[in-house]
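One structure below.
The structure presented is a predicted model; accordingly, all values stated were derived computationally and were not measured.
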Amino acid sequence: MIDFFKKHPLYPVIIIAVAGIFFRLCFVLPGILAQNHERYLRPDSEFYMRAAYSLVNGNGYPGSIRAPGFSVTAAVLLKAIDSPLVISVFFAVAGGLASLVVYAAAKEYADYKTGLLAEALYAFNLTAIVNAPMLLTDTFFGVLTALQLWLFILFLKQKKSRFIILTALTAALGTLIRPINLLWFLPGITLIFFVSGISWKKKLLNSLLFLLIFWGVISPWMARNAMRDAGFCIDVNTGAMLHQNGAMLLAEVNGTDFESEKAVMLKNLNKLFSDKQRFPTEKSQVDYRKKEYTRLILAHPFIWLKQQFQWKILLPDVPTGFEILGVTSAGRGTMGVMAKQGVWAAVNHYFDGKIYLPLLFLPLLLPTLLTYAGCAVQLFCDVKNIRQKFLELLIFLAFAEYYLFLPGAITAPRYQIPALPFAVTLSAMGLFYLSEVISAYLKKNR
């Protein structure tokens, strides 16, 4: 068997990708059997689906609340098959196929065995699996960030400008799916200047190309929103940071809880925005929310900064898996419990004391544990050899920490998905290094 795979190295790659798709489709099956897509909905899904059906019915894209990428894609799928479950199936397959892109990126960055292990860690990641059929942007965005990573690594290795152009294009398309990518041009350009083997003139040219492509793709949509009195933005949902992250900040400052602070803030905002002379447009309301959030940050900068580094974002998304299976339900205020009392209290609250339930997903938790262990080993080695590994650390900051840092205090495990492609790449490298160290130690002490 080993000799067969050595002669046909792409077979394991295909097998892993097919297995990844299979596991994702397993979580679509409950919805198909029940002919009910509601288990794949979350509060954010309401607008995405409403916008998709508006497009299907020829009524155009409604408002500026959300970025258009998911809804436009969903509309195309709904036009073909009039069932939201087709969207779940599509993204389950797309999420599994993304592991092939991860393989290509890791192989290009390191070698074949690293690519294969990175692919497996991504394909069998519990959070990526259970979120694949959800009617949300996370899986779609994760596919784009995987592609974004691969294209940049191709540029890193081959120094050809066409790859940085494609990286910028992919980053821009990702921004039209999730606006969190809007600031990625900053780390993107920074990385260009640290790539060795190309002249400063070419670095400047590539940076200019990156900016032109990136802003050229997203600006028309932002201009469309500006003409609708929503401001030059991807969407107006960025204003929600005030009653989300801002409420979490106030909860810690006041010693209260997230849900109560959020409720009070929303009540006050609704009353304030009822004054249409002072706040006549979406832009004026969003500008006020941003200004107030900035004021809170400046008043409590250290608490804000501490909340931006949330390790809880790395928790595997066991709850979503059980919700899809119909064992548990969402909307129980677990996030507030976690923020105030910690992870253990949140787990106990969510599972009604049945803390043995998460153990049922133990086989799928192993790839997550290996990912974190291997990534920690590789990052430790990088810091230890920072002069030689400085660029690798920068790539980690751009392709992983960027996506883990920006969500801030409002953490959901699905927010880790865009960070996974490079995280599993580093993890594969770290696990192979660790195996070599253990093997050398055992050989020495025989």
Do F70 and L136 have side chains that get closer than 4.5 Å, going by heavy atoms?
no
Less than 4.5 Å apart, any side-chain heavy atom of C375 and any of F422?
no
Counting distance only, does the side-chain N/O of [X] pair as donor-acceptor with the main-chain N or O of [Y] below 3.5 Å?
X    : Y    : answer
R178 : G69  : no
T167 : F163 : yes
K107 : Y112 : no
Y402 : I180 : yes
T139 : A94  : no
T170 : T145 : no
T190 : L186 : yes
Q308 : F405 : yes
Y372 : L314 : yes

On a heavy-atom basis, which atom in [X] and which in [Y] lie closest, and how many Å separate them?
X    : Y    : answer
S88  : L135 : OG-CD2, 3.8 Å
P367 : F124 : CG-O, 3.4 Å
I192 : I198 : O-CD1, 4.4 Å

Any residue meeting ring pair (Phe, Tyr, Trp, His ring centres under 6.0 Å) with F140, in chain and number order, not counting sequence neighbours:
F91
Interatomic distance, [X] atom [atom1] to [Y] atom [atom2] [nearest 0.5 angstrom]:
X    : Y    : atom1 : atom2 : value
K443 : E436 : NZ    : CD    : 12.0 Å
Q378 : T114 : CD    : OG1   : 9.0 Å
K389 : C381 : NZ    : SG    : 8.5 Å
L249 : M241 : CG    : CE    : 12.5 Å
L182 : I218 : CG    : CD1   : 5.0 Å
S161 : L209 : OG    : CG    : 6.0 Å

Kindly indicate, with the supporting measurements, whether the criterion salt bridge (charged side-chain N to carboxylate O under 4.0 Å, His left out) is fulfilled by R289 and E292.
CA-CA 5 Å; R289 290 173 186 263; E292 283 298 295; over 6 Å; no
Run the numbers on K291 and D287 for salt bridge (charged side-chain N to carboxylate O under 4.0 Å, His left out), then give the verdict.
CA-CA 6 Å; K291 183 179 178 181; D287 288 346; over 6 Å; no
Do Y403 and Y415 have their ring centres less than 6.0 Å from each other?
no
Would you say [Y] and [X] are linked by a side-chain donor-acceptor pair, where the criterion is simply a distance under 3.5 Å?
X    : Y    : answer
Q416 : D317 : no
E392 : Y109 : yes
Y61  : W221 : no

More than 12 heavy atoms from other groups under 6.0 Å of [atom1] on [X]:
X    : atom1 : answer
W184 : CH2   : yes
K79  : NZ    : no
F22  : CZ    : no
F232 : CZ    : yes

Using the six-membered ring of F155, assess whether NZ or CZ of K160 lies under 6.0 Å from its centre and within 45 degrees of the ring axis.
no
Between R42 and E323, does any side-chain N to carboxylate O distance fall below 4.0 Å?
yes
Angle between ring planes, F152 versus F399, binned at 30° and 60°: parallel, tilted or perpendicular?
tilted
Run the numbers on Y40 and F27 for ring pair (Phe, Tyr, Trp, His ring centres under 6.0 Å), then give the verdict.
CA-CA 10 Å; Y40 306 117; F27 282 90; 9.3 Å; no
Would N181 and Q148 count as a side chain to side chain donor-acceptor pair (under 3.5 Å) here? Give the steps.
CA-CA 11 Å; N181 231 33; Q148 185 178 307; 3.2 Å; yes
